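Once you've had a glance at the structure underneath, I'll fire off some questions.
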Amino acid sequence: MRNPIQSFDTIKNNFIRYIETAFRTRFDKLEEERRQLLDTDKVLYREPWMEPLPDYLSSGKKIDDLTPKDVGGSMTSSQLGIFKGLVKCGLFPANIPLYDHQARMLNKAMEGKHCIITSGTGSGKTESFLLPLFAQLSKEMESWSIPTIKEDLCDKWWNEDLQLTDIVNNSTFELKKTCQQRSHNRRPTGVRALILYPMNALVEDQLTRLRKALDSDDARKWFKNNIHDNCIYFGRYNSMTPVSGELKKKENGVDVINRYKVETLKKELKAIETDANRVDEYITEKLQSGEMSESDAKDLISFFPRIDGAEMRTRFDIQVAPPDILITNYSMLSIMLMRDIDSEIFDKTREWLECKDVYSQNLNSEEKEQEKKNRVFHLIVDELHLYRGTQGTEVAYLLKLVLNRLGLHPGHPQLRILASSASLVADESEEGQKSLAFIQDFFGVADAKNDFVIVDGKNTPVNILPEDTHFLPTNPFIWIYDAYYDTRKNIDSPAFQETCRIAARELAQFVNAEIPSDAQPIELLLRTLLHPKLLLRERLYQACRIDGKERAVCSLRANGNHEDTYILSEFIFGEIDTPRKALGGLLIARSLFDESRWCNLESELGDRKLPRFRFHYFLRNIEGLWASVKPKDVEDKFKDDERTAGRLSSTPSIKSPGGYRVLELLYCDNCGTTLFGGSRLKVDNETVELLPLSPNIEGIPEKTPHKLLERRTYQEYAIFWPQGKQEFVPHERPNGYWRQTTVEGADQGKYSASWVEASLNIYSGDIKEGVLNAEKEPDNWIKGLYFKIVSDNNNLDIAFLTDAHGQTINTHKATPCVCPACGVDHHYGENKISSIRGFRTGFAKTSQMFAKELMYQLPDKEKERKLVVFSDSREDAAQVANGIERNHFTDVLRELLIKELNIRLILRNDILHAFENHNESAINEFRNTNNSATKEVFDDIEEIFTDSKYEGRNQNMLSRKSKAQKKIAEIKKEL
């Protein structure tokens with residue numbers, strides 16, 4: 001995506017096309033006005049906002065460059081060597097320097113401080129708290145004993161034909177030693193780190209990282225060669241961990257082995273093993289064919305658990321031998337504290353902390369005290385800022401219970417608290433004091449300022465842009481924009497290359513800068529963009545600086561946007577006629593730095609590195625359209641004698657700027673006529689007022705205008721058809737009425753629905769039956785038809801029908817089954833009961849469209865394309881996922897159907913053309929085809945063509961000739 005502005009325009013325009021297609025009306029001027037309305041700021045969209053990604057300050061040190069001082073002076077050289085080797089297995093690349101905040105957190109945590117990392121998204125926060133954890137584990141690993149040989153059944157018992165008693169101990173009801181994952185270990189078990197996440201999705205992400213760091217092929221090889229084939233065990237403990245419950249059950253009052261649980265466990269382990277094997281086979285195949293790189297293979301493996309490694313595979317294994325790193329959420333942790341079956345997890349962790357485990361029995365008291373220094377429990381809380389309010393209080397108390405269970409407290413030397421947050425402040429400001437107060441309350445410490453270190457992510461300094469700096473010239477970037485699209489995005493084309501050379505010279509001349517004459521055109525352009533005199537780095541950062549901080553700002557000024565003062569394109573280029581092209585050209589040029597051929601140019605001039613941007617697209621669901629009821633109450637360019645609605649609005653209001661009543665605009669999806677709808681308010685026995693909002697204040701927000709039209713009832717919502725010059729098409733039944741669809745069990749046969757003549761007041765929204773008012777006062781009233789339902793008993797309107805308690809009785813759907821303009825009738829329908837619809841776009845369809853359009857804009861390479869949809873609730877997420885899949889399937893099916901129909905239409909024309917031109921070779925090719933569908937079409941056309949050439953007098957054949965000639969004319973017309 002070289003030009004995110006153009007990508008946004010494509011998405012926006014395609015969505016507008018969808019609206020215009022799906023919600024088409026019969027009035028051309030109204031369509032033009034709607035197009036302009038939708039293309040106005042804050043109606044359907046906002047112009048993209050651009051946020052410079054933080055350019056975090058580097059520590060200048062790679063993993064191999066770390067010294068004992070960098071880890072708080074708490075590690076020996078051999079322990080530091082173990083740490084470096086471990087980290088390079090997959091947690092952190094060996095060739096990339098640590099960020100400054102990562103190095104600082106490692107140093108402070110190893111000095112014994114509780115630490116909270118507060119850098120932004122994508123800053124390596126996870127690595128920031130895993131590095132200190134791995135460093136502490138490295139100190140302990142040095143003393144781990146050599147494990148024994150694994151039992152034969154350890155990694156395959158679920159595939160063997162074993163008796164229940166061969167799997168489960170019938171006295172303790174634990175897995176037998178021969179089947180336990182860690183029965184061969186000869187080191188203390190216990191949780192070294194409890195990582196707490198607010199949701200399971202984040203647990204899965206953490207597991208992927210830990211698999212790469214601790215259970216990859218590289219990690220396994222390193223552990224075998226350096227730590228005597230020991231490993232760091234990790235596991236999640238939540239609803240996804242197989243399997244819940246116990247391995248025993250009551251039978252006649254006696255505990256027996258639970259066969260169902262054992263079989264379920266075997267089934268799940270087989271499935272995990274099968275998936276892992278299939279992934280291995282797939283990777284092997286792709287590596288051999290050259291379709292996958294080693295790096296991609298390592299990434300793919302990390303998404304799937306492997307049954308025979310460092311990842312704990314079952315709850316029952318975790319319960320008897322807790323993993324070194326336990327990952328869970330606060331809900332599960334709360335349950336664990338209450339269950340006896342999970343008590344061993346906490347008890348063994350406490351034994352490990354207090355050196356009371358079986359492997360520490362031979363240590364004297366002095367040795368135990370020394371050993372305790374290496375036994376540190378890490379409490380790691382991700383997304384700390386989410387734990388506020390009532391939920392935060394509950395989690396804070398929960399953590400106090402956990403620490404108490406382990407014999408720890410916030411000031412204990414064997415406790416290290418590490419956390420991450422994107423919003424805590426690490427300075428002396430008022431917000432900083434609030435952050436310290438929150439930390440103090442949440443963790444229960446006496447002095448958070450001294451006990452905790454808040455490590456913030458510092459950005460690489462950016463020079464201040466001089467005040468007398470001139471705007472950048474627009475022509476070079478407009479040239480780049482035009483050349484890029486004229487050459488169909490081919491950056492290697494001679495035309496694009498030459499444009500880059502010309503643009504580079506123009507920019508260099510603008511700032512009187514010298515540029516190398518022997519460089520290739522694109523390299524020449526990129527070196528010019530990095531030139532200190534051009535100040536492009538400073539310009540881009542300064543354009544996004546608000547109150548001294550880089551923030552997201554609007555990229556372009558949209559039609560109707562008179563509020564935003566920070567517009568990036570205006571800061572860079574000033575107010576110009578073609579800001580879209582100029583900014584687009586700049587973004588295209590910026591994207592060239594990401595090409596492998598030129599990606600090193602920025603590193604050559606590190607202090608001139610241009611910012612990378614995150615783009616924010618804002619598109620919204622359309623809740624409906626509202627319109628003035630006076631047709632002439634509209635701009636002159638949108639006036640005509642056909643439309644029956646006035647000025648359009650995307651939000652409801654009582655009056656238009658001209659003082660006329662505004663109502664919700666509806667339309668018929670069959671003929672495209674427009675109608676007015678509004679909440680019903682009784683004025684007197686002869687008058688009903690239509691309102692764009694609910695007259696029942698107590699009903700808000702349940703009865704807001706955003707309530708689906710399909711869910712409204714006749715008693716709450718009235719519909720009026722402004723007839724204008726349109727012809728009223730009566731219902732097909734001779735008696736002129738129909739039986740409207742009912743709700744809440746009302747008897748459909750007791751009521752009659754029809755369109756009746758009525759007048760609508762353009763100022764008050766009052767409706768009176770009959771056209772007398774409209775004929776007498778045409779300046780104040782308009783003529784049309786009102787949708788009315790009456791009781792067959794008394795022929796009275798049932799709009800205000802009430803029960804004995806004065807409560808409204810809802811009887812019918814608000815939308816009429818019959819359209820007054822085309823007479824289409826849906827009163828016998830089941831799935832669709834009316835052609836009258838609002839202009840509200842469906843949430844599922846909108847989500848599917850945005851997802852599809854975004855995918856089209858992402859890179860073509862599959863591994864570079866990723867789309868994640870977030871929602872506020874699980875229910876919404878499920879609906880979005882289902883809606884996207886279902887609607888996309890329907891669209892693809894529709895597209896294939898139309899494509900197939902078009903192909904058959906073209907084929908029919910080609911065969912007909914062959915007959916008309918006596919092309920015998922083509923005719924014989926069609927006749928002898930093996931394609932059954934083509935043969936069927938050919939036989940049909942041959943018969944039609946033969947009939948059309950009949951020259952005799954047989955009346956039957958002459959009739960067939962006439963039909964054949966009409967059919968041939970239809971085929972040509974359809975094409």
Side-chain angles (χ1 to χ4, degrees), residues 146-187 189 207 211 214-217 220 223-224 229-231 233-285 300-323 326 339-342 344-345 348:
I146 301 174
T148 60
I149 298 174
K150 277 188 179 184
E151 296 280 352
D152 290 339
L153 290 176
C154 179
D155 293 331
K156 62 178 182 180
W157 63 263
W158 50 88
N159 292 319
E160 303 297 321
D161 185 18
L162 301 174
Q163 298 295 319
L164 289 179
T165 52
D166 295 330
I167 300 172
V168 180
N169 187 311
N170 58 6
S171 60
T172 63
F173 298 100
E174 296 175 347
L175 289 174
K176 277 204 163 183
K177 292 286 185 182
T178 53
C179 299
Q180 289 179 16
Q181 186 175 0
R182 297 182 59 185
S183 60
H184 64 295
N185 280 162
R186 295 175 61 244
R187 66 177 179 89
T189 60
L207 279 172
R211 288 179 191 131
L214 300 176
D215 201 27
S216 63
D217 291 337
R220 291 184 178 195
F223 277 110
K224 182 176 182 179
D229 211 14
N230 275 294
C231 62
Y233 287 93
F234 63 95
R236 67 177 168 195
Y237 205 88
N238 60 13
S239 59
M240 299 295 291
T241 311
V243 291
S244 62
E246 300 183 59
L247 293 175
K248 66 178 180 180
K249 65 176 182 178
K250 288 286 185 183
E251 204 169 88
N252 298 324
V254 179
D255 288 335
V256 297
I257 298 173
N258 190 330
R259 177 180 293 276
Y260 173 76
K261 288 293 181 183
V262 174
E263 292 300 326
T264 302
L265 182 60
K266 290 171 66 175
K267 182 179 179 181
E268 294 208 25
L269 291 176
K270 285 178 182 179
I272 294 172
E273 186 176 41
T274 300
D275 288 343
N277 291 337
R278 289 173 62 190
V279 170
D280 283 341
E281 292 172 3
Y282 175 81
I283 289 174
T284 302
E285 178 186 334
L300 181 58
I301 289 174
S302 68
F303 283 101
F304 298 87
R306 297 204 278 182
I307 209 80
D308 60 342
E311 183 173 358
M312 302 296 285
R313 56 196 178 214
T314 75
R315 293 189 184 205
F316 310 112
D317 286 300
I318 291 175
Q319 288 159 4
V320 297
L326 183 66
R339 297 194 306 202
D340 290 339
I341 195 173
D342 296 322
E344 284 290 289
I345 297 175
K348 290 189 176 182

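By convention here, the first residue in the shown sequence is residue 1. Note that this is a predicted model, so its numbers are computed, not measured.
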Side chains of Leu153 and Leu162 in contact at under 4.5 Å (non-hydrogen atoms):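 SC-SC contact between Leu153 and Leu162 confirmed.
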Could you walk me through whether Ile167 and Ile257 pass the side-chain contact (heavy atoms from CB on, under 4.5 Å) test, one step at a time? CA-CA 10 Å; Ile167 300 172; Ile257 298 173; over 6 Å; no
Taking all heavy atoms of Val262 and all of Leu247, pick out the closest pair and write down the distance.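 Answer, listing the atom of Val262 first, then Leu247: CG2-CD2, 4.2 Å.
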May I ask you to test the Phe303-Val279 pair for a side-chain heavy-atom distance under 4.5 Å?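 No; the side chains remain at least 4.5 Å from each other.
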Do you see a donor-acceptor pair shorter than 3.5 Å between the side chains of Gln319 and Asp342? yes
Where is the tightest heavy-atom contact between Gly309 and Arg220, given as atom of each residue plus distance?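 Nearest pair, atom of Gly309 first, then Arg220: CA-NH2, 3.3 Å.
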What distance separates Phe234 CZ from Asp215 CG, expressed to the nearest 0.5 Å? 5.0 Å
For a 4.5 angstrom cut-off between non-hydrogen side-chain atoms, does Asp317 reach Gln180?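 Heavy-atom side-chain distance check passes, below 4.5 Å.
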One thing to verify: whether Glu311 and Arg211 come together as a salt bridge, which I'm taking to mean a side-chain N less than 4.0 angstrom from a carboxylate O.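 Salt bridge flag = yes for Glu311 with Arg211.
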Check the pair Glu344, Val320 against side-chain contact (heavy atoms from CB on, under 4.5 Å), reporting the backbone distance first and the verdict last. CA-CA 7 Å; Glu344 284 290 289; Val320 297; over 6 Å; no
Evaluate the side-chain proximity of Asp217 to Arg306: yes if any heavy-atom separation is below 4.5 Å, no if none is. yes
Compare every heavy atom of Pro305 with every heavy atom of Ala276, then report the nearest pair and how far apart it is. CB-O, 3.8 Å
Locate the shortest heavy-atom distance separating Asn238 from Arg315; write the atom from each residue and the value.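 Closest approach of Asn238 to Arg315, heavy atoms only: O-NH2, 2.9 Å.
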Here the gap from Arg186 atom CZ to Ile146 atom CD1, rounded to the nearest 0.5 Å, amounts to 7.5 Å
Just do the side-chain contact (heavy atoms from CB on, under 4.5 Å) check on Arg313 and Trp158 with the steps written out, would you? CA-CA 12 Å; Arg313 56 196 178 214; Trp158 50 88; 3.8 Å; yes
With a 4.5 Å limit on heavy-atom distance, are the side chains of Asn230 and Pro147 in contact?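 The answer is yes, as the side chains (C-beta and beyond) meet within the 4.5 Å cut-off.
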Where the side chain of Arg182 meets the backbone of Pro322, is there a donor-acceptor pair that is under 3.5 Å apart?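 Yes, Arg182 side chain to Pro322 backbone: donor-acceptor pair under 3.5 Å.
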Are side-chain heavy atoms of Ser183 and Thr178 found at a separation under 4.5 Å? no
Considering only residues two or more places apart or on different chains, which pairs with a residue in residues 161-171 satisfy side chain to side chain donor-acceptor pair (under 3.5 Å)? Asn169-Ser171
Could you tell me if the side chain of Leu269 sits less than 4.5 Å from the side chain of Trp157, heavy atoms only? yes
Nearest-0.5 Å distance that lies between atom CD in Glu273 and atom CG in Asn277: 5.5 Å
Which distance, rounded to the nearest 0.5 Å, do you find between the OG1 of Thr314 and the CD of Gln181?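 The OG1 atom of Thr314 sits 7.0 Å away from the CD atom of Gln181.
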Stepwise salt bridge (Lys or Arg N to Asp or Glu O under 4.0 Å) test for Asp229 and Lys150: CA-CA 11 Å; Asp229 211 14; Lys150 277 188 179 184; over 6 Å; no
Can you find a heavy atom in the side chain of Glu174 that is under 4.5 Å from one in the side chain of Phe316?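 They are not in side-chain contact.
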Pairs flagged by side chain to side chain donor-acceptor pair (under 3.5 Å) wherever residues 243-253 is involved - sequence neighbours left out: Lys250-Asp255
Starting from the C-alpha separation in whole Å, work towards a yes-or-no answer on side-chain contact (heavy atoms from CB on, under 4.5 Å) for Asp275 and Arg278. CA-CA 5 Å; Asp275 288 343; Arg278 289 173 62 190; 4.2 Å; yes
